[in-house]
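First listed ligand is number 1; within each ligand, the first listed atom is number 1.
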Amino acid sequence: MSVAERFLTHTVDNQATPLGDYNAYLTDSALREAVAREGGGWAEAHLTEFGAVAGGELMRLGYTANENKPKLRSFDRYGHRIDEIEFHPSYHRVMELGMRYGVHAFAWRNADTPGAHVARAAISYLHSQAEAGTGCPLTMTHSAMPALAHQPEVAKFWAPLIHSYDYDPRVLPAGQKKGCTLGMGMTEKQGGSDVRANTTKAYAQPDGSYEIVGHKWFFSAPMCDAWLVLAYTDKGITCFLMPKVLADGTRNAIRIQRLKDKLGDWSNASSEVEFQGAWAVRVGDEGRGVATILEMVALTRLDCMIGSSALMRQAAVQALHHAATRKAFGKRLVEQPLMQNVLADLALESEAHTALTLRVARAVDASARNEGEAAFARIATAIGKYWVCKRAPAFVNEAQECLGGAGYVEETSLPRLYRQAPLNSIWEGSGNIQCLDVLRALNKEPETREAFFGELLAARGAHADLDREIHWLTQAFEDRATVETRSRMIVERMALALQASVLLRAGNAAVSDAFCASRLGGAHGFNFGTLPADAPLAALIARASVG
Ligand SMILES: Cc1cc2nc3c(=O)[nH]c(=O)nc-3n(C[C@H](O)[C@H](O)[C@H](O)COP(=O)(O)OP(=O)(O)OC[C@H]3O[C@@H](n4cnc5c(N)ncnc54)[C@H](O)[C@@H]3O)c2cc1C
């Protein structure tokens, strides 16, 4: 035996095969059916094209964009203050592809076609599976439009720049750019959920503009071209648009203090900023800032649902693929009965989140045309933001475990998905705030109650467990003295009932019966992998698998 042969300790065997490039749209039956069901099927060709990008180049870029975190450059080499963020080329390419396919603008460019928000939700869902951090500026750019509409002359200038499919990272006055991105600044040190605790002040100038003095404690996407920010005038909290570069080419007086050192979301540069007399224009009426910016937040909350559904789908894809090719104890993991239960349960949960998210996207889409859908969007966004986002960390961890030790190693995407998973439930209104928002909607806008129960009643009689749940929910609000304390339990059950209603009407009995029995009928434990033995495990796995 040669020396070289003696030092060959082993042959590499029984490793899962690489998933490789795949079409993230065409291989996702639950997504495709939901897009068609909710009225976005006309965008099938666009989604198919982007599905290949998302499951290919974008997926690969996601690794490098996150391995190389953005850096704050406060000064140039000569000591001039520049407040710029330096990103890895992969980040720029992800942004370029995201904008080319319209994550930030597809819904507005196709606003005359019903279903545009559904198709755009699917675009965002595909994008987020490959790279979630860039979802932050893209989602804020998309969501800013309804708030900007409160100030027509401001909207007139910014809309074409937002609607552009060109990514232009140059630091220039907005009017000289091919396309722009927008962010938002609400959260201050003394209060995030309670934005009325803000201390930032706006001083009116003779020409009608304002000077903003104060700070923001969380200011994601400081490389954007402009931000919607809240600040106090004498008349109360007010919304402003603050550009990064002024029309004469000088930088606005916005100082980036530092970047946040975050658990995850590494490709995205979240910062702390101070406004040292920053120039801004008012958006909406003075004193109506919260109501104005909530129009943006309504859309970013839907995007939190989209982002968390996407993370869960991608984690499931990775788990299903691994289990299909890795063997233990003489059989592929996917053939082991207990692993089948885990995988099928993940697939089922993932489909329920995707189905509800796309249903809410349809309601948002139809809001301007249909009051009932507007009311449904109002309440279902808060319900879904609470439930879908809350489920992501445990879900991704379970998917991670399907890969064994490999799932804890950065070479797989699971650690990145896991770090990202808690974020959507925290920002844009944390879990409790969503539950309180559901109660607020039910109290102040009675049409939301009608819309919610109307959605459930559309599936009445289709499954005994849903019928029982509807009955429970009709009585859940009666004890008004304790309703706030109980609101997490109520909103959780509202979300599960909504998911059941959507799945039952979607018409795949294997999915809807397993969902109702396990999530509403009590035939399920606290962990994933606790479906009853007679659940259609193989069918659920086959439906969710990519190859
Ligand atoms: C990575 C990252 C990026 C961010 N980017 C931005 C950004 O770009 N712009 C921006 O404006 N903000 C941003 N945020 C801030 C985010 O929106 C806030 O952190 C969030 O809204 C919570 O506010 P807070 O941190 O002040 O927590 P708090 O308001 O102090 O809340 C703490 C906890 O108390 C709960 N709580 C609050 N009130 C009640 C109540 N009445 N009853 C029961 N429970 C309650 C909340 O649900 C939460 O769980 C970002 C946050 C993160 C993590």
Please say whether D194 places an N or O atom under 3.5 Å from an N or O atom belonging to ligand 1.
no

For K262, take its heavy atoms, then give the atoms of ligand 1 lying under 4.0 Å from any of them.
1 (C)

Kindly state if atom 29 (O) of ligand 1 has a protein heavy atom within a strict 4.0 Å cut-off, that is, under 4.0 Å?
yes

Could you give the distance from CZ (R313) to CD (Q129), rounded to the nearest 0.5 Å?
6.5 Å

Within the protein, is there a heavy atom lying under 4.0 Å from atom 38 (N) of ligand 1?
yes

Could you find the nearest protein heavy atom to atom 49 (O) of ligand 1 and give me its residue, atom name and distance?
S430 CB, 3.8 Å

Below 3.5 angstrom, do we get any N/O pair linking G192 and ligand 1?
yes

In the structure I gave you, are the side-chain heavy atoms of C224 and L182 within less than 4.5 Å of one another anywhere?
no

Is the NZ or CZ atom of R120 both under 6.0 Å from the centre of the six-membered ring of Y125 and within 45° of that ring's axis?
no

If only side-chain N and O atoms count, and only distance matters, is there a donor-acceptor pair under 3.5 Å linking E295 with H150?
yes

Taking only non-hydrogen atoms of E428 and a 4.0 Å limit, the atoms of ligand 1 in range are 17 (O)

What atoms of ligand 1 come closer than 4.0 angstrom to any heavy atom of L436?
40 (C), 41 (N), 42 (N)

Of all the non-hydrogen atoms in the protein, which one sits nearest to atom 4 (C) of ligand 1, and at what distance?
S220 OG, 3.4 Å

Looking at side-chain heavy atoms only, is the closest gap between T238 and Y232 below 4.5 Å?
no

Numbered atoms and elements of ligand 1 in range of M186, under 4.0 angstrom, heavy atoms:
10 (C), 11 (O)

Per-atom contact, atom 1 (C) of ligand 1, protein heavy atoms, under 4.0 angstrom:
yes

Looking only at distances, please establish whether an N/O atom of ligand 1 is found under 3.5 Å from an N/O atom of M184.
yes

With no hydrogens and no angle check, is any side-chain donor or acceptor of T141 less than 3.5 Å from a backbone partner on P137?
yes

F218, W227, W427: member with heavy atom nearest to atom 13 (C) of ligand 1
F218

Per-atom filter on ligand 1: closer than 4.0 angstrom to a heavy atom of I426 are 20 (C)

Would you say ligand 1 has an N or O under 3.5 Å from any N or O of S193?
yes

Hey, is G185 one of the residues with a heavy atom under 4.0 angstrom from ligand 1?
yes

Crowded around E450 CD? As in, over 12 foreign heavy atoms under 6.0 Å?
no

Which class fits the ring pair H127 and F50: parallel under 30°, tilted 30 to 60°, perpendicular over 60°?
parallel

Under a 4.0 angstrom heavy-atom cut-off, which atoms of ligand 1 come close to F219?
8 (O)

Run the ring-centre check on H88 versus W266 and record whether the distance is less than 6.0 Å.
no

Determine the interplanar angle of the Y91 and F87 rings, folded into 0 to 90°, and report it as parallel if under 30°, tilted if 30 to 60°, perpendicular if over 60°.
parallel

Select the closest option to atom 21 (O) of ligand 1 among S487, P222, G429, judged by heavy-atom distance.
G429

Would you say that T200 contacts V229 through its side chain, given a criterion of any heavy-atom pair below 4.5 Å between the two side chains?
no

Nearest-neighbour protein heavy atom for atom 36 (N) of ligand 1, which is reported as residue plus atom name and distance:
I433 CD1, 4.2 Å

For the rings on F376 and F452, is their centre-to-centre separation under 6.0 Å?
no

Nearest-neighbour protein heavy atom for atom 15 (C) of ligand 1, which is reported as residue plus atom name and distance
T187 OG1, 3.2 Å

Looking only at protein heavy atoms, identify the closest one to atom 43 (C) of ligand 1 and say how far it is in Å.
N432 ND2, 3.4 Å

How about R288: does its CZ atom have over 12 heavy atoms from other parts shown lying under 6.0 Å from it?
no

Does atom CD (E401) have a neighbourhood of more than 12 heavy atoms from anything else shown, all under 6.0 Å?
no

Compute the shortest N/O to N/O distance between E188 and ligand 1 and return yes if it is under 3.5 Å, no if not.
no

Is atom 33 (C) of ligand 1 close to the protein, meaning a heavy atom under 4.0 Å from it?
no

